[in-house]
Amino acid sequence: MKTKIFKIYENETDPKDLLDKIKYAGNIIREGGLVAFPTETVYGLGADALNPEAAAKIYAAKGRPSDNPLIVHIADMSDLERLTSYIPETARKLAEEFWPGPLTMIFQKSSGVPEATTGGMDTVAIRMPSHPLALALIRESGCVIAAPSANTSGRPSPTMASHVAEDLTGTIPLILDGGPVGIGIESTIVDLTEEIPMILRPGYITPAMIGKVIGDVCMDPGILSHETSGRPKAPGMRYRHYAPKAELVLVSGKTDSVIEYINEKTKEQKKLGNKTGVIGTEETRNRYLGDVVLSIGARNDEDAIARSLYAILREMDEHEVSAIYSECFEATGIGQAIMNRMLKAAGYKIIEI
Ligand code: TXA
Ligand code: MG
């Protein structure tokens, strides 16, 4: 299959051209095909969420296990009513505050949502994205759009159209290229079918922000620790994920000791003839001996770190390093989401110094 890439940059693309491209994309979705598109978090791989055959194509294109449910993307609150059998008051409050935006909520599903979309579950994950192209595509297609991140299963989520092209060229008919995304890690997921709402995946919307709107909220214990997790409630969080090809090891401790440790490891690897990658920060990048040293951003700029994390993991793959060492970050605010993704990418390998 030939994969088209339509470049649509705000303020650069002629409005008529933009409309034609969105119409073309909407038509593919309506006819049961796949379109990759930008959202404010990461790029998504979209299909008509209420068409089981279309949803099945997503699983096939990504190589995704069929028991891992998809998030349904909506553009209007009226869609929420028809997709769910019950909308708790807490959901209305959260939608009021955070939609459109990077928050996904889990509801009891209505009978209209096929199990092909929910991975056989009787609940459904729903989010109203804020990216103008995502909203335009949903509206133009006339569908609600099931969309996981547009990477092949297990690889880091795509934060630019070129990442999608890397993974899915030849497999899907169209990629809408809206430039790099703004946030860079996937939406926060909160389960509202529990008595006390539970965060299943941390993201840009933090537990404190959610707590401020609805009061009590708890965390899936699997979010930052492997051992205590049991079975995470979001099936997708069970799989090794977001992972670069080389082994990633996180190193935690005082800055000087972390640098010293990583430099020692780099020397050891060099003796074995191996190429080492290091993920450092603006402050530390010049102090590493690694063959490939990449800065993830300034240490106190969590937004920048979130934005560059997945691109850096992919870049390490391109350099074909055989081991990657990374600094750790504070697990507060959006840092919690960053550490959650890094721990998963590292298969929970963390050295405390
Ligand atoms: O930011 C995002 O959420 C992006 C963009 C494209 O919107 N999408 C995304 O989708 O990250 P995906 O498929 O990569 O991750 C969806 C996660 C998975 O971990 C899945 O198991 C969980 O949501 N999930 C979906 N439906 C669920 C349900 N009914 N109950 C529990 N977890 C659910
Ligand atoms: Mg994903």
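Just so you know, ligand 1 is whichever comes first in the structure, and atom 1 is the first atom listed for that ligand. All values below were derived from every heavy atom in this structure, side-chain atoms included, with hydrogens, water molecules and symmetry-related copies excluded.
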> Taking distance alone, with no angle check, do Arg201 and ligand 1 share an N/O pair under 3.5 Å?
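Between Arg201 and ligand 1 (N or O atoms, distance only) the closest approach is under 3.5 Å.
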
> Looking at Ser149, which atoms of ligand 1 are within less than 4.0 Å of one of its heavy atoms?
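This gives 8 (N), 9 (C), 10 (O), 12 (P), 14 (O) as the contact atoms.
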
> Any sub-3.5 Å donor-acceptor pair from Asp317's side-chain atoms to Lys245's backbone N or O?
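Yes; at least one donor-acceptor contact below 3.5 Å.
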
> Is it the side chain (CB and beyond), the backbone, both or neither of Thr123 that lies under 4.0 Å from ligand 1, heavy atoms counted?
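It is both parts that get close, each with some atom under 4.0 Å.
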
> Provide the number and element of each atom of ligand 1 under 4.0 Å from a heavy atom of Glu186.
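Going through ligand 1 atom by atom, the ones under 4.0 Å from Glu186 are 1 (O), 2 (C), 11 (O).
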
> Using heavy atoms and a 4.0 Å limit, tell me yes or no: is Asn68 in contact with ligand 1?
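In this structure, Asn68 qualifies as a contact of ligand 1 - some heavy atom is under 4.0 Å.
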
> One thing to verify: whether Lys349 and Glu247 come together as a salt bridge, which I'm taking to mean a side-chain N less than 4.0 angstrom from a carboxylate O.
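Yes, charged N to carboxylate O under 4.0 Å.
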
> Check each atom of ligand 1 against the heavy atoms of Thr41 and keep those under 4.0 Å away; list them by number with element.
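So the answer, numbered in order with elements, is 1 (O), 2 (C), 4 (C), 5 (C).
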
> Please list, one pair per line, the donor and acceptor atoms closer than 3.5 Å that link side chains of residues 168-184 to other protein atoms, with sequence neighbours excluded.
| residue | atom | partner | partner atom | Å |
| --- | --- | --- | --- | --- |
| Thr169 | OG1 | Ala165 | O | 2.5 |
| Asp177 | OD1 | Tyr9 | OH | 3.4 |
| Asp177 | OD1 | Gly179 | N | 2.8 |

> Would you name the heavy atoms of Leu50 and Asp48 that are closest together and state the gap between them?
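Where Leu50 meets Asp48 most closely, the heavy atoms are N-OD1, 2.9 Å.
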
> Can you confirm whether Lys62 sits close enough to Ile58 that some side-chain heavy atom of one is under 4.5 Å from a side-chain heavy atom of the other?
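Touching, per the 4.5 Å side-chain cut-off.
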
> Check this for me, if you would: do Lys270 and Asp291 make a salt bridge, where the nitrogen-to-carboxylate-oxygen distance has to be below 4.0 angstrom?
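The answer is yes: the pair qualifies as a salt bridge.
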
> Should you measure from each heavy atom of Ala147, which atoms of ligand 1 turn up under 4.0 Å away?
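It comes down to these atoms of ligand 1: 6 (C), 8 (N), 10 (O).
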
> Heavy atom of Pro129 under 4.0 Å from ligand 1?
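No, that is not the case, since the closest heavy atom of the residue is not under 4.0 Å from the ligand.
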
> Would you mind running through ligand 1 and noting each atom that sits below 4.0 Å from a heavy atom of Ala125?
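Answer for ligand 1: 25 (C), 26 (N), 27 (C).
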
> Kindly say whether Gly119 contributes a backbone atom to a donor-acceptor pair with the side chain of Asp67 at under 3.5 angstrom?
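Between the backbone of Gly119 and the side chain of Asp67 there is no qualifying donor-acceptor contact (under 3.5 Å).
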
> Report yes if Thr39 has an N/O atom closer than 3.5 Å to an N/O atom of ligand 1; otherwise report no.
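Between Thr39 and ligand 1, no N or O pair is found under 3.5 Å apart.
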
> Counting only heavy atoms closer than 4.0 Å, does ligand 1 sit against the backbone of Met121, its side chain, both, or neither?
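Contact part for Met121 vs ligand 1: side chain (C-beta onward).
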
> Going by heavy-atom distance to atom 30 (N) of ligand 1, choose the closest among Ile58, Ile106, Asp220.
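It is Ile106 that holds the nearest heavy atom.
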
> With a cut-off of 2.8 Å, does Ser153 place any N/O/S atom under that distance from the Mg ion (ligand 2)?
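No, since none of the N, O or S atoms of Ser153 sits under 2.8 Å from the Mg ion (ligand 2).
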
> Under 4.0 Å between a Lys/Arg side-chain N and an Asp/Glu carboxylate O for Lys267 and Glu264?
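Salt bridge: yes.
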
> Please determine whether any non-hydrogen atom of Lys109 lies less than 4.0 Å from an atom of ligand 1.
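Judged by the 4.0 Å heavy-atom criterion, Lys109 does not count as contacting ligand 1.
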
> Counting heavy atoms only, name the option from Pro69, Ala36, Gly119 that's nearest to atom 27 (C) of ligand 1.
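Nearest heavy atom to atom 27 (C) of ligand 1 lies in Pro69.
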
> Taking Arg201 for its side chain and Ser187 for its backbone only, find out whether a donor-acceptor pair lies under 3.5 Å.
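Yes, the answer is positive, given that a donor and an acceptor are paired below the 3.5 Å cut-off.
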
> Below a 4.0 angstrom heavy-atom separation, can you tell me which part of Ile189, side chain or backbone, both or neither, approaches ligand 1?
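Only the side chain of Ile189 comes within reach of ligand 1.
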
> Side chain, backbone, both or neither: which part of Arg64 comes within less than 4.0 Å of ligand 1 when only heavy atoms are counted?
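Near ligand 1, Arg64 shows its side chain, while the N, CA, C and O stay back.
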
> So does Gly142 get a backbone contact from the side chain of Arg30, meaning a donor-acceptor N/O pair under 3.5 Å?
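Side chain of Arg30 to backbone of Gly142, a donor-acceptor pair under 3.5 Å: no, none is there.
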
> With distance as the sole test, does Glu40 use its side chain to make a donor-acceptor pair with the main-chain N or O of Ser130 at under 3.5 Å?
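Yes, because the side chain of Glu40 sits within donor-acceptor range (under 3.5 Å) of the backbone of Ser130.
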
> For ligand 1, does Ser187 get within less than 4.0 Å through its side chain, its backbone, both, or neither, judged by non-hydrogen atoms?
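Both of them.
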
> Which ligand 1 atoms does His73 reach within 4.0 Å, using its non-hydrogen atoms?
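It comes down to these atoms of ligand 1: 5 (C), 6 (C), 7 (O).
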
> Is the closest basic N to carboxylate O distance between Arg307 and Asp303 below 4.0 Å?
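No, Arg307 and Asp303 are not salt-bridged.
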
